[in-house]
There are 2 protein chains.
Amino acid sequence: MNSVNETTRDRRRIETQDRILTEARRLFAETGYDRTTIRAVAAAAQVDPGLVMHYFGSKQQLFARAAETESRPIVEGTAEEVAEQLLERLRASLIDEPVASLAVLRSMLTHPDAADEVRGNAHVRGSNIGKAIHGVDGALRADVLSAVLIGVVLGRHLLKLDQLADADPDKIVELLGPAVRSLTKG
Amino acid sequence: MNSVNETTRDRRRIETQDRILTEARRLFAETGYDRTTIRAVAAAAQVDPGLVMHYFGSKQQLFARAAETESRPIVEGTAEEVAEQLLERLRASLIDEPVASLAVLRSMLTHPDAADEVRGNAHVRGSNIGKAIHGVDGALRADVLSAVLIGVVLGRHLLKLDQLADADPDKIVELLGPAVRSLTKG
DNA sequence: AATTTCGTTCTACGGTCGTTGAATGACTCC
DNA sequence: GGAGTCATTCAACGACCGTAGAACGAAATT
């Protein structure tokens with residue numbers, strides 16, 4: 001059989017790899033790097049632990065693959081426009097929990113090696129915000145902004161602060177509007 | 001020997017327990033619950049692992065003891081006053097990293113059991129902010145505020161975002177002033 | 001000085017982990 | 001339809017973990 005038609009084997013292999021990766025992502029996000037075991041990922045994906053190793057090489061490489069996210073568009077424009085884009089991004093992160101990003105975040109906090117595997121992948125560090133913030137202390141204000149937004153997403157999805165976990169995303173975004181705008185303006 | 005005079009043994013025992021607790025706190029904060037091993041704590045405190053068990057019963061109880069912090073004073077007053085108190089508290093957390101609180105935070109993110117051991121100890125969840133914020137959505141605004149402040153401390157001490165990790169605490173507090181004030185006001 | 005107390009170490013068990021390499025058996029191809 | 005490929009499983013290893021209990025030796029008590 002030639003290379004354009006995919007065989008049954010090809011289909012099953014890809015399907016299995018996807019299943020492993022999906023479960024890995026979920027587990028890394030839910031329980032962090034250390035407490036996510038190869039064995040647990042394998043069980044969730046209904047395969048043998050050895051198969052996970054065979055496809056991904058090591059736990060570390062599995063994490064790296066699981067942590068891959070489509071790089072987000074760079075925010076840009078005037079201070080007001082940047083603020084609105086960030087708030088919109090926040091709203092999305094409040095509604096759908098950004099599984100891969102949370103996996104990275106949670107694991108960066110637990111396993112330095114996991115963080116190394118991710119460095120330069122800019123969903124956490126800066127989130128491409130840096131270049132969009134101008135004026136005095138632009139870089140610092142960008143980091144503060146990142147920290148603030150990370151804090152809110154973290155508080156809702158990981159810490160599950162009572163009110164924050166249940167609140168209407170629109171309401172949260174509304175409350176944070178002035179705070180975010182005060183930081184985008186130089 | 002009676003009970004008012006402390007013996008050499010008493011002194012050495014208390015000294016050893018303190019040493020273990022100090023190292024435990026440091027390690028829990030630095031590497032989180034899972035990656036902090038009883039053996040590592042023991043080695044850092046220069047004692048046998050068994051002694052740690054003997055004094056603290058289990059890893060979980062050791063963590064509970066390490067996570068104890070003096071409960072912080074409740075913030076109160078007008079919206080402006082609350083904002084100033086929170087900013088002052090933030091400044092302190094930016095200068096001296098709050099080791100015990102970070103240990104709790106880091107471990108809450110990695111080990112649910114560790115978090116359970118701490119529930120009701122209010123340094124993270126709410127930080128007693130809740131009752132001080134009045135007006136519409138007071139409880140929610142308190143949680144958002146907690147999340148924002150946690151995010152900044154986290155970004156500086158744990159994630160070590162470039163600019164945020166090195167910046168002058170006063171400068172950070174200054175930048176966050178408007179954001180915090182916008183959230184304390186109903 | 002003899003005896004008891006107790007702070008501390010030593011040794012070991014059972015369990016789980018990441019990882020490996022051989023074995024298996026269904027699918028592919030000629 | 002027989003040979004070969006390859007997705008997958010099986011069994012086992014060495015390492016490290018939390019934990020338990022016996023053993024030791026210096027301080028305390030009598």
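Each chain gets a letter, A, B and so on, in the order its sequence line appears, and its residues count up from 1.
Residue B:Asp34 contributes atom CG, which lies 14 Å from atom C1' of D:dC16 at whole-angstrom precision. In this structure, A:Arg35 places its CZ atom 12 Å from P of D:dG18, rounding to the nearest Å. Rounded to an integer number of Å, the gap from A:Met53 CE to C:dT19 P is 4 Å. With rounding to whole Å, A:Leu62 atom CG is found 10 Å from C:dT19 atom P. Rounding to whole angstrom units, CZ of residue A:Phe63 and P of C:dC17 are separated by 18 Å. Rounded to whole angstrom, the span from the NZ atom of A:Lys59 across to the C1' atom of D:dC16 amounts to 13 Å. Atom pair A:Gln61:CD and C:dT20:P shows a separation of 10 Å (rounding to whole Å applied). Between the C1' atom of C:dG7 and the CG atom of B:Asp18 lies a distance of 15 Å, rounded to the nearest Å.
Checking the phosphate oxygens (OP1, OP2) of D:dA27, no side-chain nitrogen or oxygen of B:Thr8 falls inside 4.0 Å.
Taking the side chain to side chain donor-acceptor pair (under 3.5 Å) definition, one finds that B:His157 meets it with B:Glu97, sequence neighbours left out.
For residues 11-31 of chain A, the set of pairs meeting the ring pair (Phe, Tyr, Trp, His ring centres under 6.0 Å) definition, not counting sequence neighbours, comprises A:Phe28-A:Tyr33, A:Phe28-A:Phe63. Sorted by first and then second residue, the pairs that involve residues 57-67 of chain A and meet salt bridge (Lys or Arg N to Asp or Glu O under 4.0 Å), not counting sequence neighbours, are A:Arg65-A:Glu68. Residue pairs meeting the salt bridge (Lys or Arg N to Asp or Glu O under 4.0 Å) criterion with at least one member in residues 21-32 of chain B, sequence neighbours excluded, are B:Glu23-B:Arg26, B:Arg26-B:Glu30.
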Could you run through nucleotides 2-12 of chain D and give me one letter per nucleotide, 5' to 3': B if any protein heavy atom sits under 4.0 Å from the base, S if only the sugar-phosphate is that close, - if neither? ---BBSBBB-B
Donor-acceptor pairs under 3.5 Å, side chain of residues 176-186 of chain B to any protein atom, not counting sequence neighbours: which ones?
| residue | atom | partner | partner atom | Å |
| --- | --- | --- | --- | --- |
| B:Arg181 | NH1 | B:Glu84 | OE2 | 2.6 |
| B:Ser182 | OG | B:Ala179 | O | 2.7 |
| B:Thr184 | OG1 | B:Ala79 | O | 3.2 |
| B:Thr184 | OG1 | B:Arg181 | O | 3.1 |

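Checking side-chain atoms of B:Arg35 against main-chain N and O of B:Leu27 turns up no donor-acceptor pair under 3.5 Å.
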